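Structure first, commentary second.
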Amino acid sequence: MATPLSDTPLSPLQTVAVVGLGTMGTGIAEVLARAGRDVVGIDVSETQAAKCVAALESATARAVARGRLTERERADALARVRTATDLRAAADADLVIEVAPESYEIKQQIFRELDGIVRPRTILATGTNALSVTRLAADSARPERVLGLHFFNPAPAMKLVEIVSSVLTAPAAVTAVTDLALDLGKEPVPVGDRPGFVADGLLFGYLNRAAAMYEARYASREDIDAAMRLGCGLPMGPLALLDLIGIDTARTVLEAMYAASRDRLHAPAPILGQLGAAGLTGRKAGRGFYTYEAPGSGTVVPDALTPPKDAAPAPGRPVRSVGVAGSGTMARGIAEVFARAGYEVVLAARGAEKAAAAKARIGASLARSADRGRLAAGAAAQALDRITPTGTYDDLAGVDLAVEAVAEDLEVKRQLFATLDKVCRPGAVLATTTSSLPVVACARATSRPQDVIGMHFFNPAPAMKLVEVVRTVLTADDVHATVRAVCDGIGKHAVDCGDRAGFIVNALLFPYLNNAIKMVQEHYASLDDIDAAMKLGGGYPMGPFELLDVVGLDVSLAIEKALHREFRDPGLAPAPLLEHLVAAGCLGRKTGRGFREHAKR
């Protein structure tokens, strides 16, 4: 009687067949060959197989030039790769990885043919990121040896590999493939079978909302992408990333996710279907959200939607002095930014002692910058001298721009704007730093709503380059032009957006964070695996749970609630787990416990 696959360990996976030699298949073949595996590359197209060999030769030559391989290692790696156009070439493989197009029909046909070719204990892995591994396994003669092995593009560089088990997968198969991933220098993350798995399950919902935001003409493609790069530290903006992935591929993934979840956040934005139907599928076609130098090129070229570089700036109002209302972290950071840029700053707090303490903390921040060589000692002293602390808002009477940075409470802000309306001179620009409240509500608390605008700085303000400039339907053109010019003057990158909850960054960031919480709540994956997946697979500087604990779970919940109120989408309702943690006082680093334990501050 044959021993069940689940009962005995498998021998090391030395010979690996890769079916489908596009970009991903070629990258996987390179990783395997460089790690000492014998590789059989299989593609129905002889041309594609030849392209794979040429790509491997080029990639390994670059590795030699960069000192990452010796010539001997390169020659040995290339010698370990052979190509074929017939699946029968996989007969002696210990593992077969298929990375064929995302189609059940194509993949099922490959698996059915492999059933009659490979040995009984050969593991069959699908590289899908959108289709059900269980469905593919159930159609196989030996479903216990079928699993998902999801590499990320480019496979040689990206560390993450998601190992996907179905309810039918044998533990021995999972162990063998996990050991292989480790031997390849990858970070394997075990996940269950659902569309998108962890990394793409979170990533594609975010990309979809960005496409919908652009389609609604809420913000330009350049501003959406710049906001997410500069506001979140992401390596690429979402629309540029959609072009890189392929708009048709993204839509296929989203369709599969929506079919499984029926969550409107996964329903593909219509613009994805429109671009795909027109053949504008991104970089590979030479045009998608952006226009490229040539098909396959990553060089963006100007098109009809590109903002003109030589356009004369609209006339604004002169700004020589700035008032900052508040004494917290954001107020201090904003005051420091303006003082360092040469503006005279009045820092108004609720009481002279608070104002003086705030200036002292700004002085300490400037001194640290000087100690680290980021600012000359003399410049730091001059910047501090430009800040005048005061315990009364009356001293904002002469400023040209007043920026409020008080508590994120609408009634508190409305009262402050009513005060600024009485105190500030006619023609002064009044700005709010709110991240989630309606700017127009602040404006309506004044007799001059045309002078009110949003200037959403990011924390820490001295380091973060982004400012979201938020116009209401009442904001005057010259007020908008003034704030854009001021942002240039203080070295910040301004992006324009309208007055709706979340603006650009938070409207895209927090649904992603909320979906990560839901994954944990549903016991789909652990905090550590999700954080690792997004850092290694998506290039995020922090995992979602690391970020939630830094931002504060109470702050995150307030933003989630604001988004849900504004858009009325059930998928935006805050995850119950987030609400429970906030109710328990587990707010993140500031309380010593959030999703993780922290040293209490």
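Note that the structure is a prediction, hence the values are computed from the model and not measured. Residue numbers start at 1 and run along the sequence shown.
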Do [X] and [Y] have side-chain heavy atoms sitting under 4.5 Å apart?
X: Leu241; Y: Leu203; answer: yes
X: Ser321; Y: Tyr343; answer: no
X: Leu275; Y: Thr281; answer: no
X: Thr390; Y: Leu347; answer: no
X: Leu509; Y: Tyr206; answer: no
X: Val301; Y: Tyr292; answer: no

Are more than 12 heavy atoms from other residues, nucleotides or ligands located less than 6.0 Å from atom [atom1] of [X]?
X: Gln274; atom1: CD; answer: yes
X: Arg444; atom1: CZ; answer: no
X: Arg425; atom1: CZ; answer: yes
X: Arg484; atom1: CZ; answer: yes

Do [X] and [Y] get their side chains close enough for a donor-acceptor pair, meaning under 3.5 Å?
X: Thr472; Y: Asp499; answer: no
X: His456; Y: Asn506; answer: no
X: His564; Y: Asp569; answer: no
X: Glu408; Y: Thr434; answer: yes
X: Tyr218; Y: Asp223; answer: no
X: Ser261; Y: His266; answer: yes

Closest heavy-atom pair and its distance - [X], [Y]:
X: Ala358; Y: Arg332; answer: O-CD, 3.6 Å
X: Gly282; Y: Ile247; answer: N-CD1, 4.2 Å
X: Ala461; Y: Met330; answer: CB-SD, 4.2 Å
X: Met213; Y: Ala507; answer: CE-CB, 4.0 Å
X: Ile504; Y: Cys497; answer: CG1-CB, 3.9 Å
X: Pro541; Y: Cys232; answer: CG-O, 3.3 Å

Practice task
Compute the ring centroids of Tyr512 and Tyr540, then answer whether they are less than 6.0 Å apart.
Solution key: yes
I'd like to know if [X] pairs up with [Y] as an ion pair, taking the criterion as any Lys NZ or Arg NE/NH1/NH2 lying under 4.0 Å from an Asp or Glu carboxylate oxygen.
X: Asp451; Y: Arg317; value: yes
X: Arg283; Y: Asp243; value: no
X: Asp394; Y: Lys422; value: no
X: Asp303; Y: Arg221; value: yes
X: Lys535; Y: Glu546; value: yes
X: Lys413; Y: Glu404; value: yes
X: Asp248; Y: Lys284; value: yes

Without swapping roles, check the side chain of [X] against the backbone of [Y] for a donor-acceptor pair under 3.5 Å.
X: Asn514; Y: Ala573; answer: yes
X: Asn515; Y: Leu202; answer: no
X: Asp400; Y: Val429; answer: no
X: Lys359; Y: Thr388; answer: no
X: Arg593; Y: His598; answer: no
X: Thr446; Y: Cys442; answer: no
X: Lys492; Y: Met464; answer: yes
X: Gln521; Y: Leu577; answer: yes
X: Asp549; Y: Phe595; answer: yes
X: Arg471; Y: Thr475; answer: yes

How long is the straight-line distance from [atom2] of [Y] back to [atom1] of [X], given to the nearest 0.5 Å?
X: Arg209; Y: Glu215; atom1: CZ; atom2: CD; answer: 13.0 Å
X: Asp225; Y: Leu239; atom1: CG; atom2: CG; answer: 4.5 Å
X: Asp421; Y: Leu430; atom1: CG; atom2: CG; answer: 7.0 Å
X: Ser327; Y: Arg361; atom1: OG; atom2: CZ; answer: 9.5 Å
X: Arg264; Y: Leu572; atom1: CZ; atom2: CG; answer: 8.5 Å
X: Leu513; Y: Leu508; atom1: CG; atom2: CG; answer: 11.0 Å

Practice task
Evaluate the criterion side-chain contact (heavy atoms from CB on, under 4.5 Å) for residue pair Phe204 and Met257; output intermediate values, then yes/no.
Solution key: CA-CA 9 Å; Phe204 278 86; Met257 292 173 64; 4.0 Å; yes
Exercise for the section: Could you go through the side-chain contact (heavy atoms from CB on, under 4.5 Å) check for Thr329 and Asn459 one step at a time? Expected result: CA-CA 8 Å; Thr329 302; Asn459 198 26; 3.6 Å; yes
Handout entry: Residue pair Leu527, Val520: steps toward the side-chain contact (heavy atoms from CB on, under 4.5 Å) verdict
Key = CA-CA 7 Å; Leu527 302 178; Val520 169; 3.7 Å; yes
